[in-house]
Amino acid sequence: MQSTHYHDNVFINCPFDLAYKPLFDAMVFAVHDCGFVARCALEEGDASQVRIDKIYNIIEDCRYGIHDISRTELDETSRLPRFNMPLELGIFLGAKRFGVEEQERKQCLVMDKEQYRYQKFISDIAGQDISVHSDSPEEVVKVVQYWLFTASKRLTIPGGGTIWQRYQDFLSDLPQLARRLQRDVADLEHFNAYTFAVAEWLSLQPRS
């Protein structure tokens, strides 16, 4: 069900492993510093609900979506690729195409680590503008900032360089912030705790 926060919610579809975590954390911070709310499958802990239904519900409640399709490597054990990211991108695009009212106004950012690489494994989206992050957290911040600024037309969104510097300040302050929140730094690795810490830190910062 669509909430009153639909126009502020940003669905994040990306890898959730340790190798990608520096990019993910930077992305979540950038979304919040732009004045939006990051949403993803990690926020739901209800084991009684089927995972795909969780994703349907979150996508329904997000006007914006960020989709990183860069993870195409084969799993070391199964020797098969993971198709979660292309699947969730397809669900988001389907919601926009076949949805009604506000669903038709959905907008999404698609990212890869190299220009035109996606055409080799998901050619059906050829022709769409794909942004490149080069596996760099700083580039992720700048790409996300520019896209949200362009898509939403909100003039209150700070520049990418400003957000990146604020993210460095946030990382430096994280141990002290964790103590203030009566948590260990490791506790803030969980998505809900991390987004709360980001929001709390941002609420204490002066805005120009």
Exercise. Partners of Ala186 by side-chain contact (heavy atoms from CB on, under 4.5 Å), sequence neighbours excluded?
Worked result: none
Exercise. Can you list every pair that meets side chain to side chain donor-acceptor pair (under 3.5 Å) and has a residue in residues 155-175, with sequence neighbours left out?
Worked result: Asp33-Arg166, Gln165-Asp169, Asp173-Trp201
Exercise. Does Lys21 make a cation-pi contact with Phe16 (under 6.0 Å, within 45 degrees of the axis)?
Worked result: no
Exercise. Hey, mind stepping through Ile163 and Phe29 against side chain to side chain contact (heavy atoms under 4.5 Å, CB included) and telling me if it holds?
Worked result: CA-CA 8 Å; Ile163 295 176; Phe29 182 90; 4.1 Å; yes
For this session: Decide, yes or no, whether a salt bridge links Arg180 with Glu200 under the criterion of side-chain N to carboxylate O below 4.0 Å.
Result: yes
For this session: Could you tell me which non-hydrogen atom of Ala38 sits nearest to which non-hydrogen atom of Glu43, and how far apart they are?
Result: O-OE1, 4.5 Å
Exercise. Is Phe149 linked to Val110 within one hydrophobic cluster, defined over Ile, Leu, Val, Met, Phe, Trp and Tyr using a side-chain heavy-atom separation of less than 4.5 Å?
Worked result: no
For this session: Tell me whether Ile12 is reachable from Ile52 by hopping between hydrophobic residues (I, L, V, M, F, W, Y) whose side-chain heavy atoms are closer than 4.5 Å.
Result: no
Problem set entry | Nearest atoms (heavy-atom pairs only) where Cys40 meets Phe24 | SG-CZ, 4.1 Å
Seminar exercise, completed: Closest non-hydrogen atoms of Ile59 and Ala95, given as atom of the first, atom of the second and distance, are CG2-CB, 4.3 Å
Exercise. Excluding sequence neighbours, so at least two apart, what forms side-chain hydrogen bond (donor to acceptor under 3.5 Å, both in side chains) with Gln205?
Worked result: none
Exercise. Short question: side chain of Lys96, backbone of Arg105 - any donor-acceptor pair under 3.5 Å?
Worked result: no
Exercise. Would you call Asp17-Arg71 a salt bridge at under 4.0 Å N-O?
Worked result: yes
For this session: Report yes if the side chains of Phe170 and Leu177 come closer than 4.5 Å at any heavy-atom pair, otherwise no.
Result: yes
For this session: Using the side chain to side chain donor-acceptor pair (under 3.5 Å) rule, collect all pairs that involve residues 144-154, keeping only residues at least two apart or in two chains.
Result: Asp8-Arg154
Exercise. Crowded around Leu18 CG? As in, over 12 foreign heavy atoms under 6.0 Å?
Worked result: no
Problem set entry | Steps toward side chain to side chain contact (heavy atoms under 4.5 Å, CB included) verdict (His67, Phe11) | CA-CA 8 Å; His67 305 265; Phe11 174 67; 4.0 Å; yes
Problem set entry | Results of ring pair (Phe, Tyr, Trp, His ring centres under 6.0 Å) for Phe36 - residues two or more places apart only | Tyr64
For this session: Answer yes or no: does atom CD of Glu104 have more than 12 heavy-atom neighbours from other residues, nucleotides or ligands under 6.0 Å?
Result: yes
Exercise. Between the side chains of Asp112 and His133, does any donor sit under 3.5 Å from an acceptor?
Worked result: no
For this session: Apply side-chain contact (heavy atoms from CB on, under 4.5 Å) to Arg183 and list each qualifying residue two or more places apart in sequence or on a separate chain.
Result: Leu181, Asp187, Leu188, Ala193
For this session: For Lys113 and Ile69, indicate whether the former's side chain and the latter's backbone hold a donor-acceptor pair under 3.5 Å.
Result: no
Exercise. Has the side chain of Glu189 got a donor or acceptor atom that lies under 3.5 Å from a matching backbone atom of Tyr194?
Worked result: no
